[in-house]
Each structure stands twice: as C-alpha cells, then as structure tokens.
Amino acid sequence: QVHLVESGGGLVQAGGSLSLSCAASGFVFSSYAMGWFRQAPGKEREFVARIRRSGVSILYADSVKGRFAISRDNAKNTVYLQMNSLKPEDTAVYYCAADGGVGVATTAAEYDYWGQGTQVTVSS
C-alpha cells in the first residue's frame with residue numbers, strides 16, 4: 001500500500017524558514033519523480049517544485065524560485081522542501097506527490113500518488 005506522509009509544517013513569521021519532509025513507502029521511490037504542490041483556501045492546487053529520480057533535474061515555480069529548495073534521499077525514501085524567506089502568500093497546505101511518468105509534470109493530474117498534506121502558515 002502506497003503511503004506519502006508529510007511533516008514539518010507549522011506557523012512561522014514572514015521572513016522565517018521551515019523544512020518539510022515527505023516519507024514514502026509502498027512503491028519504488030527511486031523510480032519516481034517527486035513533486036511538491038500547495039493549495040491555499042479557495043484556490044486550486046498549484047505546482048511548487050519537482051525533482052527527477054536521480055535528483056539531478058529540478059524545476060521550481062517562479063513564485064518560489066530562489067527561496068525554496070527541493071531535495072531527495074533515495075536511501076531514506078524521503079523528499080524534502082526547504083523553505084526560506086517565507087511570505088504570507090506562501091500560506092497553504094503543502095502536499096508531496098509521486099510521478100511515475102517520464103515527462104516534466106507540473107500539473108496535479110500528472111501525479112500518481114499523493115500525501116495528506118501539511119499546513120504551513122506564514123504570519124505578517
């Protein structure tokens with residue numbers, strides 16, 4: 001059974017940092033690209049970052065480029081999202097997701113597995 005479990009969310013002041021983790025099980029983690037998405041109240045789920053199987057190729061949304069960093073540890077079946085210089089507009093539920101395809105997936109529909117999400121709240 002596939003499980004993706006996010007952790008590390010919380011409340012932080014603007015300008016602060018948070019580090020999210022997503023532990024995967026039930027599938028061959030190293031064979032999947034991993035992504036982070038977020039969804040704010042009343043808004044659609046939006047792409048944040050993506051990392052390919054080997055960790056070499058990385059893609060970020062323009063809104064987080066230079067502030068967020070995605071990484072993965074295939075030995076630990078875990079993907080991370082380091083978030084720095086946080087802004088109130090970063091407030092959302094953050095989800096990790098797994099993509100078994102070979103393209104550069106940046107839409108939610110392209111991902112196969114999803115976690116339950118972790119809340120990130122940035123106060124001004």
Side-chain angles (χ1 to χ4, degrees):
Q1 189 172 3
V2 172
H3 288 287
L4 292 172
V5 181
E6 301 95 339
S7 61
L11 173 65
V12 65
Q13 288 189 332
S17 298
L18 280 175
S19 181
L20 305 184
S21 298
C22 172
S25 62
F27 64 100
V28 183
F29 181 77
S30 60
S31 295
Y32 283 71
M34 298 298 296
W36 285 95
F37 286 75
R38 65 187 182 186
Q39 188 166 18
K43 295 187 177 181
E44 292 190 355
R45 194 167 297 190
E46 67 170 351
F47 170 77
V48 174
R50 170 188 170 89
I51 186 167
R52 295 291 290 269
R53 297 166 181 78
S54 65
V56 173
S57 177
I58 291 173
L59 183 67
Y60 295 102
D62 288 343
S63 59
V64 307
K65 201 172 294 183
R67 300 187 298 121
F68 290 12
I70 187 172
S71 61
R72 66 189 294 161
D73 186 337
N74 287 345
K76 296 182 178 180
N77 288 358
T78 301
V79 61
Y80 306 94
L81 186 67
Q82 177 65 40
M83 304 186 295
N84 301 322
S85 302
L86 283 161
K87 305 175 181 179
E89 52 263 43
D90 294 319
T91 295
V93 177
Y94 283 71
Y95 299 88
C96 70
D99 170 31
V102 297
V104 181
T106 58
T107 63
E110 296 174 277
Y111 284 75
D112 301 302
Y113 306 129
W114 289 86
Q116 293 300 307
T118 185
Q119 176 70 47
V120 171
T121 303
V122 184
S123 63
S124 58

Check [X] against [Y] and note the closest heavy-atom contact, atom names and distance.
X	Y	result
Ala49	Leu81	CB-CD1, 4.4 Å
Arg38	Ala92	CB-CB, 3.8 Å
Val120	Leu20	CG2-CD2, 4.1 Å
Ala69	Tyr60	CA-OH, 3.2 Å
Leu59	Phe47	O-CZ, 3.6 Å
Ala24	Phe29	CB-CD1, 3.5 Å

Taking [Y] as the starting point, is it possible to reach [X] by hopping between hydrophobic residues whose side chains are less than 4.5 Å apart?
X	Y	answer
Val2	Trp36	yes
Trp114	Phe27	no
Tyr94	Tyr113	yes
Tyr95	Tyr80	no

[atom1]-[atom2] distance between [X] and [Y], expressed to the nearest 0.5 angstrom:
X	Y	atom1	atom2	value
Met83	Ser19	CE	OG	8.0 Å
Ile58	Arg52	CD1	CZ	11.5 Å
Gln82	Arg67	CD	CZ	12.0 Å
Glu89	Ser124	CD	OG	10.0 Å
Leu11	Gln13	CG	CD	8.0 Å

Any side-chain heavy-atom pair of Asp112 and Asp99 under 4.5 Å: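 A side-chain contact exists here, since the closest heavy-atom pair is under 4.5 Å.
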Side chain to side chain, Phe68 and Leu86, heavy atoms closer than 4.5 Å: yes
Is the backbone of [Y] close enough, under 3.5 Å, to the side chain of [X] for a donor and an acceptor to pair up by distance?
X	Y	result
Tyr111	Ala105	yes
Glu6	Gly117	yes
Thr91	Val122	yes
Asn77	Gly26	no
Arg53	Ser31	yes

Salt bridge Asp90-Lys87, side-chain N to carboxylate O under 4.0 Å: no
Under 3.5 Å side-chain donor-acceptor pair for Arg72 and Tyr32: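 No.
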Flag if over 12 foreign heavy atoms under 6.0 Å of CD, Gln116: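 Not more than 12 within 6.0 Å, no.
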